[in-house]
Visitor: 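This is the structure I want to talk about, given as structure tokens.
These numbers were taken from a predicted model, which means no experiment stands behind them. Numbering starts at 1 and runs along the sequence shown.
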Amino acid sequence: MALHLSKTVLMTALLALPLAAAAPAMAQEAKPREAVISVTGDGESSMAPDMAVVTLSVVKQAKTAREALDENNKAMKDVLGALKSGGIAERDLQTSGFSIQPQYNYPQPVDGQQQQPQLIGYQTINSITVRLRDLAKLGQVIDQSVTLGINQGGEIQFTNDKPEAAIEEARRNAVAEAVKKAKTLSEAAGVKLGRIIEINENEPRPLPQPAYRATMMKEADAAVPVQGGETTYHVSVTVTFAIER
């Protein structure tokens with residue numbers, strides 16, 4: 001009889017375990033959701049650029065692909081040689097595009113009939129991206145490159161080799177703006193702002209800057225005048241605050 005009673009008590013205890021385990025979860029679900037305020041703050045910081053990224057291209061046309069390629073190779077070798085002699089390191093020179101394309105002439109229709117396109121030659125385009133760390137040489141580099149055969153491109157983007165200091169300041173400005181917004185919202189709603197629950201940061205990025213495009217000509221009278229201005233970095237953060245009851 002004693003053994004039978006022990007088994008009964010054990011079975012009752014085992015059946016009660018799931019109910020006991022579920023009790024805290026049910027209580028947690030019944031707990032009201034914490035009131036919060038979520039705001040987004042934007043911060044910016046500017047610094048003078050110390051580096052320029054320039055895209056330069058050589059475009060050549062000839063009757064055959066071989067002739068177009070040979071002419072392009074010669075011009076690009078001269079450009080690369082001049083850039084390296086001017087102190088630009090190998091790591092700052094990168095081929096960014098290359099193509100050989102047939103060129104066609106499309107005759108006018110005859111008696112309403114489309115005519116077959118006529119192959120008239122080939123075009124080769126070889127593009128390089130140059131990272132220039134001495135901005136004082138930028139105008140000279142563009143001018144010299146055009147003289148040696150660069151005849152397309154010239155887009156310039158100013159940036160910074162080490163923008164960390166500006167990004168850190170932009171972060172502080174973004175958080176400060178978020179806190180200010182949250183205080184304004186809580187005061188307007190008549191509630192008290194509590195602790196910070198969560199902070200999320202979007203990826204820092206430089207703001208779009210108007211790109212300078214140098215005019216590609218076969219001859220240039222003087223070094224191209226270029227102004228670097230400032231590069232502005234932008235950080236956005238989302239901050240969630242608790243509302244004290």
Visitor: Looking at CZ of Arg172 and OG of Ser45, how far apart are the two atoms once the value is rounded to the nearest 0.5 Å?
Guide: 8.5 Å
Visitor: Nearest 0.5 Å, what's the CG-CD1 distance between Asp134 and Ile88?
Guide: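 If we round to the nearest 0.5 Å, Asp134:CG and Ile88:CD1 are 9.0 Å apart.
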Visitor: Donor-acceptor pair, Lys137 side chain versus Gly86 backbone, under 3.5 Å?
Guide: yes
Visitor: Pick from Ile100, Val58, Val59: which one makes a side-chain contact (heavy atoms from CB on, under 4.5 Å) with Ile125?
Guide: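 For Ile125, the side-chain contact (heavy atoms from CB on, under 4.5 Å) test succeeds with only one of Ile100, Val58, Val59, which is Val59.
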Visitor: Test question: given the 4.5 Å side-chain rule for I, L, V, M, F, W and Y, name all other residues clustered with Ile197, or answer none.
Guide: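 Grouped by the 4.5 Å side-chain rule, Val36 form the rest of the cluster around Ile197.
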Visitor: Rounded to the nearest 0.5 Å, what separation is found between the CD1 atom of Ile37 and the CG atom of Leu185?
Guide: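 Here the rounded value is 6.0 Å.
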Visitor: When rounded to the nearest 0.5 angstrom, what is the spacing between CD1 in Ile120 and OH in Tyr106?
Guide: 9.5 Å
Visitor: Determine whether Phe158 and Leu135 make a side-chain contact, defined as any pair of heavy atoms from C-beta on separated by less than 4.5 Å.
Guide: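 Sidechains of Leu135 and Phe158: in contact.
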Visitor: If I compare all heavy atoms of Val39 with all of Ala178, which pair ends up nearest, and what's the gap?
Guide: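 For Val39 and Ala178, the tightest heavy-atom pair comes out as CG2-O, 3.2 Å.
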Visitor: Check step by step if side chain to side chain contact (heavy atoms under 4.5 Å, CB included) holds for Asn173 and Glu44.
Guide: CA-CA 7 Å; Asn173 294 338; Glu44 294 180 1; 5.9 Å; no
Visitor: Give me the atom names and distance for the closest heavy-atom approach of Lys181 to Thr40.
Guide: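 Scanning both residues, the minimum pair turns out to be NZ-O, 2.7 Å.
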Visitor: Indicate the atoms forming the closest heavy-atom contact of Thr232 with Ser46, along with that distance.
Guide: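 So the two residues come closest at OG1-OG, 2.7 Å.
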Visitor: Minimum heavy-atom separation for Val235 to Arg171, with atom names?
Guide: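 So the minimum-distance heavy-atom pair works out to CG1-CG, 3.9 Å.
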Visitor: As an exercise, state the distance from CG of Leu119 to NZ of Lys63, rounded to the nearest 0.5 Å.
Guide: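 Here the rounded value is 9.5 Å.
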Visitor: Any sub-3.5 Å donor-acceptor pair from Asp50's side-chain atoms to Asp161's backbone N or O?
Guide: yes
Visitor: Does Thr124 reach the main-chain N or O of Ala68 with its side chain, forming a donor-acceptor pair under 3.5 Å?
Guide: yes
Visitor: What is the distance from atom CG of Leu83 to atom CD1 of Ile128, rounded to the nearest 0.5 Å?
Guide: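 Interatomic distance, Leu83 CG to Ile128 CD1, rounded to 0.5 Å: 5.5 Å.
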Visitor: May I ask whether Met51 and Ile142 are part of the same hydrophobic cluster, defined by side-chain heavy atoms of I, L, V, M, F, W, Y residues being less than 4.5 angstrom apart, directly or through others?
Guide: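 No; tracing contacts between hydrophobic side chains, which count when under 4.5 Å, never links both residues.
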Visitor: Do any N or O atoms from the side chain of Glu198 and from the backbone of Ile196 form a donor-acceptor pair under 3.5 angstrom?
Guide: no
Visitor: Quick one: closest heavy-atom pair of Met47 and Ala166, and the distance?
Guide: SD-CB, 3.5 Å
Visitor: Hydrophobic clustering (ILVMFWY, side-chain heavy atoms < 4.5 Å, transitive) - are Leu93 and Val54 grouped together?
Guide: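 Hydrophobic grouping puts Val54 with Leu93.
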Visitor: For Gln116, does the CD atom sit with more than 12 other heavy atoms under 6.0 Å from it, leaving out its own atoms?
Guide: no
Visitor: Is any side-chain heavy atom of Asp42 closer than 4.5 Å to one of Glu177?
Guide: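 The answer is yes, as the side chains (C-beta and beyond) meet within the 4.5 Å cut-off.
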Visitor: Spell out, yes or no, whether Ile243 and Phe241 are grouped together once hydrophobic residues are joined by side-chain heavy atoms under 4.5 Å, including indirect joins.
Guide: yes
Visitor: A side-chain contact here means heavy atoms from C-beta on lying under 4.5 Å apart; do Tyr233 and Thr159 qualify?
Guide: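 When only atoms from C-beta onward are counted, Thr159 and Tyr233 do touch, with a gap below 4.5 Å.
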Visitor: For Gln118, does the CD atom have more than 12 heavy-atom neighbours from other residues, nucleotides or ligands under 6.0 Å away?
Guide: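 Yes, CD of Gln118 has more than 12 neighbouring heavy atoms, counting only those of other groups under 6.0 Å.
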Visitor: Does one hydrophobic cluster hold both Met76 and Phe98, with members joined at side-chain heavy-atom distances below 4.5 Å?
Guide: no
Visitor: Would Val179 and Val239 show up in the same hydrophobic cluster when neighbours are defined by side-chain heavy atoms closer than 4.5 Å?
Guide: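 Val179 and Val239: one cluster.
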Visitor: Can Lys74 and Asp78 be counted as an ion pair, charged N to O under 4.0 angstrom?
Guide: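 Result for this pair is yes, salt bridge flagged.
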Visitor: Minimum heavy-atom separation for Gln123 and Gln103, please, with both atom names.
Guide: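 Minimum heavy-atom contact is CB-NE2, 3.5 Å.
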